[in-house]
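Lettering follows sequence order; numbering is per chain, from 1.
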Amino acid sequence: MMTMSSDETALSPDDAAAAVAVAAANSAVNSIPSLKEDDHQLHSFVNHHQTQNHHQNQNALHQQQQHFLQQHQQHQQHQQHQQQHQQNQQRMPQAQQQQQHHQQQHQQHPGHVPGIGTNHQYDLLTGTATPEADLLESGSRKVAPRSSDLFKVGPPFSETRHHQDIYCKSNDLDVNPILEARIDRGFETGENGTWIGYKRNYFTLVAAFSLENFDFDRFIQNKFYTFEKASRNGQSVGENKVEINYFAIRLVAKCSDDDVSISLIQHTAKRDKGPQFPPPIYPAVPGEMPDHETVKASCNKRNGSKIENMNKIFYFDRSDYYHTVNLDSMKDDTILKNYPSDSISRIARFERIQFTSSIRVKQTSANSRYFTLHVELLGIVEDEDLQIQPILLSSIETPPLIVRGRSPSNYHKERTSGYRGHLQGH
DNA sequence: TGCGACACATAATC
DNA sequence: GGATTATGTGTCGC
């Protein structure tokens, strides 16, 4: 039994079991040994974070297994998050409602706009202040750490961009993959349409893919292939047809300037007290995006049945599927059998993600530097040596994102750093 | 100057 | 309804 650090305490046995399954999935993906071309990112992605992980408190064996453990723990988290919430709008204090209303006029509201004075702001919120007063203060009020207000829909993603074509194995039909994703926490708009996040704060993102004109049954009934660019010593030498073992979704960040590929880190709910790891790569089957409220409701759940319900939304239970279609798993000859675990994602959910502290976030002049988040659909294939490796099939990306650093100037609306107009309560 | 670490505070969750 | 948890952010000191 592996140790799981402090997170373990919050888990039910069910969670642990599910986590093991998911971890198995990730271990397979993460054992991907060699990468090509644009996948070098993934390579460094994984390696970098292995070395970067400060909290290897588990008695891990070698790197790969460490990573496995990381993924494991990470997924325990995911298991923890479950449903329940609702439009808290109805039960939030009047003043807050007004604030929110105001904010929504600017799409996503400022919410956690950090303010200077801390405590008095909370006081205003919790009781004594009039709505008017709150409105006036809203620009400098910050949202409390656990406030559900922190969940806001972020910027829309681009249309799906294709990198490698996908074909049906049976009839060579060209298949059109569609990626969807949404940021559910951590970004808000400035007045001029820029999207702003805070380096110190978490963001949440969900993603799913589908194949055009393929419902789930049709997906299951088919196998797919693509082409990998073959190269020798950096020289392109054509393409090889390769069967896609299974699909996976990953999240990467890119910078407008340099190529900082390793710029995301994920925490556990324990944050400083827990381990950190790169966002996982989710083996996934086609799925439908959950709505914002569902994602919101899925966070920080510890109740077993709630977790279970959430897992039904976010994960595909292969065993259950075999059972319902009365199929012997040993006789499965579909793409499903290639997936690396019994816990396969319908929806890739990335929670508690932050830009790594190693990234530089300066933003004195207007357009100095920005980031974009990219959700990628990967085809996991085997190369000549039967080594598993991912091929980038398609991707979507956010518009430019401003990530505000830790500078105090970013935490005082009076010192307008350029994008705080929306915070003002008038 | 920016960052790791620690600390405080507070809504969500059970 | 009290205890615990998760997390925005204030702060210290390198």
In whole angstrom, what separates [X]'s [atom1] from [N]'s [atom2]?
X	N	atom1	atom2	value
A/L150	C/dG8	CG	P	6 Å
A/Y202	C/dG8	OH	P	7 Å
A/R406	C/dG13	CZ	P	15 Å
A/R200	B/dA7	CZ	C1'	11 Å
A/N309	B/dT13	CG	P	15 Å
A/R302	B/dC14	CZ	C1'	6 Å
A/H267	C/dG8	NE2	P	11 Å
A/F151	B/dA12	CZ	P	11 Å

Any side-chain N or O of [X] less than 4.0 Å from the OP1 or OP2 oxygen of [N]?
X	N	result
A/S357	B/dG4	yes
A/S147	C/dG8	no
A/K296	B/dA12	no
A/R352	C/dT7	yes
A/K306	B/dC14	yes
A/K270	C/dA6	yes
A/N201	C/dT9	yes

Between the side-chain atoms of [X] and the base atoms of [N], is any donor-acceptor pair under 3.5 Å?
X	N	result
A/R146	C/dT5	yes
A/R271	C/dG8	yes
A/R185	C/dT7	no

Between CZ of A/F209 and OG of A/S394, what distance do you get to the nearest 0.5 Å?
-> 9.0 Å
CG (A/N222) and CD1 (A/I244) are apart, to the nearest 0.5 Å, by 11.5 Å
Looking only at B/dA12, C/dT7, C/dG10, the nucleotide nearest the A/N300 side chain is C/dT7
Matching residue for A/Q354 among A/R271, A/K199, A/H267, A/Q276 - test: side-chain hydrogen bond (donor to acceptor under 3.5 Å, both in side chains) |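 One option only clears the test, and that one is A/H267.
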A/E382, CD atom: more than 12 neighbouring heavy atoms under 6.0 Å |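 Yes, CD of A/E382 has more than 12 neighbouring heavy atoms, counting only those of other groups under 6.0 Å.
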Should the pair A/R218 and A/F214 be classed as cation-pi, given the thresholds of under 6.0 Å to the six-membered ring centre and 45° from the axis?
-> yes
